[in-house]
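Here is the structure we will look at.
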There are 2 protein chains.
Amino acid sequence: MIGIKDIAKECNVAVSTVSRALNNSTGISQKTKEYILRVCEEKGYQPNSVARSLILNETNMIGLVVPDITNQYYAFISKGVSAYLEKRGYGLLLCNSDRNKANELMYSTFLTSKRVDGAIVIPISSDKDDYKSFIKTNTPLVFVDNYIADLDVSFITNDNYSGTRKIIQHMIRLGYKRIGVILGDKNSSASNDRFRGYTDVLKNSGIDRDDSIVFNSMATFADGVKYAKFLIEKSVDAIFAINDTVAMGVLKYCHENSVEIPRDLGLAGYDDIEQAGMLHIPLTTVHQRKFALGEKAAEVLINEIKNPYTVKQKIILQPKLIVRKSCGE
Amino acid sequence: MIGIKDIAKECNVAVSTVSRALNNSTGISQKTKEYILRVCEEKGYQPNSVARSLILNETNMIGLVVPDITNQYYAFISKGVSAYLEKRGYGLLLCNSDRNKANELMYSTFLTSKRVDGAIVIPISSDKDDYKSFIKTNTPLVFVDNYIADLDVSFITNDNYSGTRKIIQHMIRLGYKRIGVILGDKNSSASNDRFRGYTDVLKNSGIDRDDSIVFNSMATFADGVKYAKFLIEKSVDAIFAINDTVAMGVLKYCHENSVEIPRDLGLAGYDDIEQAGMLHIPLTTVHQRKFALGEKAAEVLINEIKNPYTVKQKIILQPKLIVRKSCGE
DNA sequence: GTGAAAGCGCTAACAG
DNA sequence: CTGTTAGCGCTTTCAC
């Protein structure tokens, strides 16, 4: 592989001159610069960014730790991150934690060893202690999506509370009075925030919350099928599912048991996955700004890299109600 | 950030001794080695892999160029790549080409500049000339999924021809005689291979292919809806869709026009996306080994990195027929 | 078994 | 405007 020395020899100049040409620094004549650049082009010279990184003490790479890249939600965030980084000339080191704490930890030391300029992490836990190792690396950091209290680190998320308020208000406006809900895990901040939204809207609408029609689940398709049965037996007039996959489970149960949606039962999901609008009963749901979330996270991170002593940001993106068929009009 | 020199000073040894301890090289006493390692632990020393890379001339990173990380198919491949690399101690530099040739090209120079030890690329084009820049970097390379003729590079894919054969044979066995097909783009090798499979099975079954019930499309949900109409008007008794998303479009059209599946029309998809089994009519489809494909690609690549003069491999993974409801039993 | 020193490919003073 | 040189943090010869 050809290096700066070879170019220098070829051009009969010193390596520093070549370096100046390459980095369009000042203090070099236009003429020699053009000449050197042309030779670089001809020889197909590619600067060795490892060597540059060593001396400049910056790698122009940022790490991204995601729970599961095959999850559409995280994939879109990653794409947003990637798009922004690409514009700014940064590379993306992808770390798939596989929803595993030990992996997260391992990637934390891996990323510091790789000397990334910063990292974006979508944590799987909400426990501050699980992220001590990240914090003490002193690498600029942005947390996304899952809120961890008492951390002096920038944080960006979609507003689960307000998104849920919007959709529950919509349902109540349509006349539903007994809305069953299938939540996710009790430890998920997203699930809890959504439950708060549900609770508050009910209260404001003068409806008493009935905890016998509120279930926690693992938020899978199978859970949707399972709790649809429970809830329908408790004669709810609508179901709010924690996400679209769970809503698909409800839809499935209803199809097989001749419960017609939305005539017999209103149904709402959350996330607006790609397939939500493609179902035989298109889902009314909440659209989250996933791509924008990733872009924003990258933007905040790069900003903190360039301006180390800036204050940490907490950004909450507003989701959007998507009205389709599953709740009626 | 603390370096090897600091450790050396702390331990009253030379840097070379610390290096020996860290890399468990020979020529160091067990005692000093343990001592040094303990001090490294205490001080939280993290080796600077940039410096290591410079001298060892290897980065322990590999590049992955994907058309679109939000596509489930590519996401699963990426996860497979990531899982294998993690085991082998390599990092993954993710490049989202966004189905754009210029981006692919840009990432090619980016990756060589980053001095990755190898790259896996899922190309968007089948044109050899579009990948010249990758080839001439001399970086070990593995191509995935989209076949490019006349390239002396390792290649791994799922067998689209045989996958389609399996599903069309299944349909014919069930008694379907007039199977309409909604293909993808005319330039997609996957679409063309699937069409070959369709054609050959028809021929072997003594059925004449009727080109008036074969359509090329952009392979979207909307195309599924659109061509379902065309095909049903031509009184097909079944439809083979190029992928599950298109099949969902067909399903949608049928639901709205009271065509009952599978009673009135058989339907088959391809890919086995996550949602295929969650629909109100679960899709009969072809499952591709996406994760395994990624793992295998990474394995082949690492092997070529470690053994430079090994012969290039061409690997074709066998997909699996998934029988659900949409074609009947 | 250990230390001194060269050098990986580049950038950035400093000198001319 | 250009060249000489030190050195980024590490590995690896080569002496001792």
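Every chain is numbered from 1 and lettered A, B, ... according to where its sequence line falls, protein lines coming before strand lines.
In this entry the distance linking CD of Glu58(A) with C1' of dC10(C) reads 13 Å, nearest Å. Atoms NZ (Lys9(B)) and P (dG3(C)) sit 15 Å apart, rounded to a whole Å. Taking atom NZ of Lys33(A) as the reference point, atom C1' of dT2(D) lies 15 Å away to the nearest angstrom.
Across all strands, Asn12(A) comes closer than 4.0 Å only to sugar-phosphate atoms, never to a base (heavy-atom distances). Within the nucleic acid shown, Thr32(A) comes within 4.0 Å of sugar-phosphate atoms alone, with no base atom in reach, counting heavy atoms only.
When every heavy atom of Gly3(A) is checked against every heavy atom of Tyr45(A), the shortest pair comes out as C-CE1, 3.6 Å.
The side chain to side chain donor-acceptor pair (under 3.5 Å) test with Tyr73(B) is passed by exactly one of Asp145(B), Asp271(B), Asp68(B): Asp145(B).
Ring to ring, Phe143(A) and Tyr131(A) are close: their centroids are under 6.0 angstrom apart.
Side-chain polar atoms of Arg52(A) and Asn57(A) form no donor-acceptor pair below 3.5 angstrom. Counted by atom type alone, Ser19(A) and Ser16(A) present zero donor-acceptor pairs between their side chains at under 3.5 Å.
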Just by protein heavy atoms under 4.0 Å, how would nucleotides 9-16 of chain D read 5' to 3' in B, S and -? BBBB----

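By the salt bridge (charged side-chain N to carboxylate O under 4.0 Å, His left out) test, Lys296(B) is found to be paired with Glu299(B), residues two or more places apart in sequence or in another chain being considered.
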